[in-house]
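As the structure is a prediction and not an experimental result, all values here were calculated from the model.
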Amino acid sequence: MKLIISILIIVLGHTSLSAQDLETRLQKNSKVDCSVYAENSSELIGSYDIEQLDSVTAVLDIWERECGLSEPIMRMRILHDIYFNRFRSEHYTDYYQLYIRKYIYRVEASQRRTYHSNYESSKNYYDHTRIGQGFDHHTFELAKSLLGRQNKESDAYLLCLLFSDDLKMFEEESYKRSASKTPLIKALFDSRRGIFTNFRISGTLGIWLPLGSNQNVFKPSPMITLGFHQLFWDSWRFDGTIALVPFVNNEPLDFRFEGRNQSTSSLVSINLGLGVTRQNQLSKNWFLDTGFSLGIDVLGTDIESSKEDADDHAVAALDIGANIALRYKLKNGRSIALRSSIHHASYDWARSLKSDVGNSFATVGLAYGF
């Protein structure tokens, strides 16, 4: 297997080899198949300086003709296009969808002590291109040399980060731009097969504020909210929330449960909501989120049920809300936000509630998303 590359290196010495000469020598051995072309071509490219683009291209052309497109071939094509300022991100959607995850696995494998045995046992998966050897060093050095020349808002910049093996920074920068619409970002956050996910969880500490006639019964009370968020199209996301409000200093309320009139001031609200939010990007890291929600607000009491094993009595109301938040995106997709909302909860529909209460309330809170 090493015969071809040995002949080539001896003939070449320190000079470049034309595509025709290279092809003639590679075809001398009738037993040469794709795996030999791939391994020898990648090793030969690894022996070139990163400025010997013509020589590298000559080898790539034959390699691609004999084996078809593969991760290492497309990686080098991308870097060459970036070098010559002809890179068009939309031309490489196949690489984003099929090979970026594979390249990340490759980098992670190269950092293990067992990388040599991993390659030997899975040569076909690694496209017969040795892990962490000449070819990988070549693309690493080329990517590093190109990184500082790229616009940090471009896909080319992210790819140079990736191919310079800075996976942590690649992830951080990708999350910072996760709301953009470039071909690379769309592929990275594709909900079906993306590398990263736009599913987020948030926690909010805030205050529940009575509005209208609710102010005659309730006082401002603490609130804690757990949120679940999934981007589903461009700048739109689904939200699911669970909010808990233990009321403090409120007036007693009158209820009628199981044919008996009872009153209590021990009340707690549990709000379950689903909503849709639009993420309006104001600048690189600042967003104004606006949306609406529909849910159920359950007003729990400490009035016990006479039925065995039954929970304490509660009443429920339909809840309609409008939400707004000023959000700052941190690294790795984390964020902090100042959120507020206004709600209409129709408790007067609940026949068990006899007290006259209002239907409106607002919330204000500080949220952390991760």
- For Phe170, the option from Leu188, Val107, Asp165 that meets side chain to side chain contact (heavy atoms under 4.5 Å, CB included):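 So, applying the side chain to side chain contact (heavy atoms under 4.5 Å, CB included) to Phe170 and each of Leu188, Val107, Asp165, only Leu188 qualifies.
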
- Message: Can you see whether Glu71 engages Tyr125 through a side-chain donor-acceptor pair at a distance of less than 3.5 angstrom?
- Response: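 Their side chains do not contain a donor-acceptor pair, so the 3.5 Å distance test is not met.
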
- Just checking, any donor-acceptor pair under 3.5 angstrom between side chains of Asp297 and Ser269? yes

Are there more than 12 heavy atoms of other residues, nucleotides or ligands under 6.0 Å from atom [atom1] of [X]?
| X | atom1 | result |
| --- | --- | --- |
| Arg86 | CZ | yes |
| Asn151 | CG | yes |
| Leu318 | CG | yes |

- Message: With side-chain hydrogen bond (donor to acceptor under 3.5 Å, both in side chains) as the criterion, how do Thr264 and Asp302 come out once you've worked through the C-alpha distance, each side chain's angles and the decisive distance to 0.1 Å?
- Response: CA-CA 7 Å; Thr264 181; Asp302 63 349; 2.6 Å; yes

- Message: Can you list, by chain and residue number, the hydrophobic cluster partners of Ile296 when the side-chain cut-off is 4.5 Å?
- Response: Val298

Taking the side chain from [X] and the backbone from [Y], do they hold a donor-acceptor pair closer than 3.5 Å?
| X | Y | answer |
| --- | --- | --- |
| Asp127 | Thr129 | no |
| His138 | Tyr48 | yes |
| Ser235 | Asn280 | no |
| His344 | Asp319 | no |
| Glu39 | Val36 | no |
| Thr182 | Ile185 | yes |
| Lys219 | Asn216 | no |
| Ser41 | Ala38 | no |

Side-chain touch [X]/[Y], heavy atoms, less than 4.5 angstrom:
| X | Y | answer |
| --- | --- | --- |
| Leu98 | Met74 | no |
| Glu173 | Lys152 | no |
| Phe87 | Leu159 | yes |
| Ile320 | Leu294 | yes |
| Glu153 | Tyr157 | no |
| His91 | Asp81 | no |

Check for me, please, whether [X] and [Y] land in the same ILVMFWY cluster - side-chain distances under 4.5 Å, paths through other members count.
| X | Y | value |
| --- | --- | --- |
| Tyr105 | Ile131 | yes |
| Ile324 | Trp286 | yes |
| Leu53 | Val59 | yes |

- Working for side-chain hydrogen bond (donor to acceptor under 3.5 Å, both in side chains), residues His128 and Ser42: CA-CA 8 Å; His128 298 274; Ser42 61; over 6 Å; no

- Please step through side-chain hydrogen bond (donor to acceptor under 3.5 Å, both in side chains) for the pair Ser89 and Asp155, ending with a clear verdict. CA-CA 7 Å; Ser89 189; Asp155 284 356; 2.6 Å; yes

Salt bridge between [X] and [Y], side-chain N to carboxylate O under 4.0 Å?
| X | Y | value |
| --- | --- | --- |
| Arg130 | Glu120 | yes |
| Arg75 | Asp136 | yes |
| Asp61 | Arg77 | yes |

- Going by the angle between their ring planes, with limits at 30° and 60°, are Tyr126 and Tyr119 parallel, tilted or perpendicular?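 It falls in the tilted class, 30° to 60°.
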
Sequence neighbours excluded and cut-off under 3.5 Å, please list the side-chain donor-acceptor pairs for residues 243-258, or say none.
unit_1: Asn250; atom_1: ND2; unit_2: Ser265; atom_2: O; d: 3.1
unit_1: Arg256; atom_1: NH1; unit_2: Asn261; atom_2: OD1; d: 2.9
unit_1: Arg256; atom_1: NH2; unit_2: Gly259; atom_2: O; d: 3.1
unit_1: Glu258; atom_1: OE1; unit_2: Arg260; atom_2: NH2; d: 3.4
unit_1: Glu258; atom_1: OE1; unit_2: Ser306; atom_2: N; d: 3.3
unit_1: Glu258; atom_1: OE1; unit_2: Ser306; atom_2: OG; d: 2.8
unit_1: Glu258; atom_1: OE2; unit_2: Ser305; atom_2: OG; d: 3.1
unit_1: Glu258; atom_1: OE2; unit_2: Ser306; atom_2: N; d: 3.4
unit_1: Glu258; atom_1: OE2; unit_2: Ser306; atom_2: OG; d: 3.2

- Query: What pair of heavy atoms forms the shortest contact from Gly68 to Ile73, and how long is it?
  - Reply: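 Looking at all heavy atoms of both residues, the shortest contact is O-CD1, 3.5 Å.
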
- Kindly state whether the ring of Tyr103 and the ring of Tyr95 have centres lying under 6.0 angstrom apart. no

